[in-house]
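One structure is given below, encoded as structure tokens.
Chain A is the first sequence line, chain B the second, and so forth, proteins listed ahead of strands; every chain is numbered from 1. The figures here come from the full heavy-atom set of this structure, side chains too, leaving out hydrogens, waters and symmetry mates.
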Amino acid sequence: MHYKDELAEVLAKETDTEKSIFFALLEIPPQADMGDLALPCFRLAKELKKAPNLIASELKEKISGQLAWLQRTEVVGGYLNFYVDPAQYAKAVLQNGFAGSKAPGSGSEGKGKTVLVEYSSPNIAKPFHVGHAFSTLVGEAIANLYEYRGYDVKRLNHLGDYGTQFGKLIAAWRHWGSEEALAEDPITELNRVYVKFYRELGNNPELEDEGRLYFKRLEEKAPEEYELWKLFRDLSLKAFDKIYDRLDIKFDSMLGESFYSDKIPAVIDRLRAMGLLEESEGAQVVNLDSYDLNPCLILKSDGATIYASRDIAAVYYRDETWDFYRNIYVVGAPQKNHFQQVFAVLKEAGFPKADQCIHVAFGTVRFADGIFSTRQGNVILLNDLLAESVAKTKVIIQNNNPDLPMEEVDRIAESVGVGAVRYTFLRNGRERDIVFSWDDMLDFEGDSAPYLQYTFARCSSIMRLAEANGTWPFDPKEINTAHLAGEEEQAIIKLQDGFETAVLEALDSHEPSIMLRNTSQLARAFNRFYNSRSILHAENKEVMKARLILTESTRTYLKAGLEIAGIDALDRM
RNA sequence: GGGCGUAUAGCUCAGCAGGAUAGAGCAACAGCCUUCUAAGCUGUGGGUCGCAGGUUCGAAUCCUGCUACGCUCGCCA
């Protein structure tokens with residue numbers, strides 16, 4: 001809103017004060033009837049030694065008539081409230097960024113800057129469960145946000161395809177694996193033997209050493225272990241592809257941890273050359289006392305690498321490959337400490353972009369009575385959740401619209417069902433844990449993706465009818481925005497005005513929920529408008545046109561918000 | 001024990017670079033479909049903003065202490 005800037009300038013001029021003081025003081029009142037901007041005069045009262053409402057009324061006099069867009073001002077308590085002329089406001093918002101022509105809230109400041117977003121990153125040979133949805137869906141939304149502002153985004157899936165756990169898996173497979181079962185359903189079979197491994201560990205502790213040995217051999221590329229591992233990896237990737245197809249997510253790189261294994265010696269050399277490596281209890285570590293962090297383990301006492309060393313090697317590789325502007329990790333909050341250590345080691349090693357590496361943490365998905373655990377076989381598969389959601393959606397569509405052809409029903413149900421799941425992972429602050437509940441996941445009313453999609457479809461429906469009767473399209477400049485001065489209309493316009501700010505804030509804080517909140521509020525505001533006004537049967541053609549433009553721009557904003565979140569905007573549902 | 005995080009309506013969450021009566025959704029109750037999609041809308045009830053201090057004209061928001069829960073603190077990732 002440019003109004004704030006102009007207002008601050010006039011206030012500053014009239015009082016002979018710094019403009020920035022007023023700019024900082026001016027705020028948006030909590031309620032629409034308190035105006036569009038407000039100046040709390042309490043702080044000024046202290047300096048000027050005058051009562052706040054006296055200051056407010058003096059300022060009211062001084063600025064009167066100076067700003068064309070200012071409809072009126074009012075003194076309430078110690079506040080000076082400013083009311084923007086609604087018709088002019090509507091005009092500015094609707095025509096300035098009239099949606100029909102471009103993606104609202106988009107920008108190009110990211111041009112030429114490459115942002116790497118690492119997300120999803122499931123472990124191979126393990127089921128893709130609901131817990132992975134968090135990283136996958138939040139990561140995709142963040143990648144979309146960056147793209148929306150013009151950044152060149154590379155989506156990286158840092159597969160968990162390496163580490164001692166695969167030594168353990170090989171051990172488990174050799175003890176209990178079945179070829180037939182593997183051919184039938186690889187992930188289930190691999191998971192079965194892996195779970196068994198942990199069950200057996202109690203009576204058979206030497207299994208642990210066996211696993212470590214096999215991993216050591218894998219890292220030395222011993223043929224038997226390597227071939228087995230490669231088979232497991234290929235089978236897993238095929239299974240993951242199905243999920244990513246369904247979510248319409250395409251990665252630019254699927255290089256897993258294993259890829260960095262042979263790039264670690266160079267890292268070790270570098271750290272050693274800088275005198276950073278120390279021996280401690282037989283392992284090689286980097287001391288991070290000056291960062292108030294525990295030492296970072298680089299090499300295990302058996303000489304094998306560990307995840308920290310692989311992550312460090314990956315940063316160097318990524319920068320050489322992509323010359324990144326930012327390197328973002330969408331990885332769970334429990335790994336905060338790990339990333340602090342990795343970034344600190346990079347800093348110590350003199351890597352110039354250490355501060356451009358960012359860990360975007362998110363909460364844990366858990367059951368009311370405990371955590372998801374692959375080892376205990378206590379998980380819900382993402383695919384099962386999606387299937388359930390789509391099935392429920394299908395029933396609703398068929399009830400509402402019995403005449404729709406089956407094919408159409410299936411297509412809509414897929415979009416809405418998947419969208420509903422996406423939205424539950426995106427709508428709240430990402431650092432909050434999600435307690436899994438079927439009821440909450442499959443609640444399609446109120447603040448949910450289907451609600452947003454429904455509102456979008458509603459807008460589309462109206463525009464379709466307007467087109468059919470020949471009133472749409474027309475030049476948006478024709479409309480008389482005085483017809484959009486009502487409370488319901490202004491609420492919509494305010495939210496559209498705030499969309500770009502919401503996108504930018506969401507990007508800055510890597511928090512898609514901030515953007516989605518605006519979209520959700522817009523949908524609500526539109527539904528209120530829809531229920532209180534007749535659009536196609538408005539009192540006259542001029543009013544109808546104004547309302548149609550409001551509908552069309554709402555449609556465009558809703559689509560933008562939904563698509564950044566990765567949710568389909570459907571014209572019918 | 002050290003570090004990080006969380007605590008707001010019965011439930012799920014916004015609000016937290018201090019500001020005007022603390023907001024949504026769900027659930028509950030009462031209404032609105034011969035008219036643009038009722039996955040919608042309107043209304044009602046529901047709050048010691050974890051506890052105790054402090055700073056301030058003003059604190060859910062800032063500071064200190066405490067409590068509860070979660071995560072984390074080298075050879076897993």
Check nucleotides 25-32 of chain B for protein N or O atoms closer than 3.5 Å to its own N or O atoms and list the pairs.
from, atom 1, to, atom 2, distance (Å)
B/rG25, O2', A/Asp447, N, 3.3

Using a 4.0 Å heavy-atom cut-off, does [X] contact any base of the nucleic acid, only the sugar-phosphate backbone, or nothing at all?
X        : result
A/Ile397 : base
A/Gly163 : sugar-phosphate
A/Asp433 : sugar-phosphate
A/Glu431 : nothing
A/Thr551 : nothing
A/Arg533 : base
A/Glu257 : sugar-phosphate
A/Pro52  : nothing
A/Arg572 : base
A/Ile462 : sugar-phosphate

Sub-3.5 Å pairs of nitrogen or oxygen atoms, protein against nucleotides 2-4 of chain B:
none

Between [options], spot the one nearest the side chain of [X], thanks.
X        : options                : result
A/Leu297 : B/rU37, B/rC36, B/rG74 : B/rG74
A/Asn337 : B/rC13, B/rU37, B/rU72 : B/rU72
A/Asn428 : B/rA14, B/rG74, B/rA20 : B/rA14
A/Tyr454 : B/rA20, B/rG74, B/rA39 : B/rA39

Re B/rU6: Watson-Crick or G-U wobble partner, both distances kept under 3.5 Å, found to be B/rA68
How about A/Asp439 and A/Ser437: does a side-chain donor come under 3.5 Å of a side-chain acceptor?
-> no
Taking atom CD of A/Glu27 as the centre, report whether more than 12 heavy atoms of other residues, nucleotides or ligands fall under 6.0 Å from it.
->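 It does: A/Glu27 CD has more than 12 such atoms within range.
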Can you tell me the distance, in whole Å, between the CZ atom of A/Phe456 and the P atom of B/rU37?
->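 Atom CZ in A/Phe456 sits about 14 Å away from atom P in B/rU37.
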Salt-bridge criterion met for A/Arg72 and A/Glu74 (N-O under 4.0 Å) =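 Salt bridge: yes.
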Quiz item: A/Thr164 side-chain donor-acceptor pair to B/rC76 base, under 3.5 Å = no
Could you give the distance separating B/rA24 and B/rG46 at their P atoms, to the nearest angstrom?
-> 15 Å
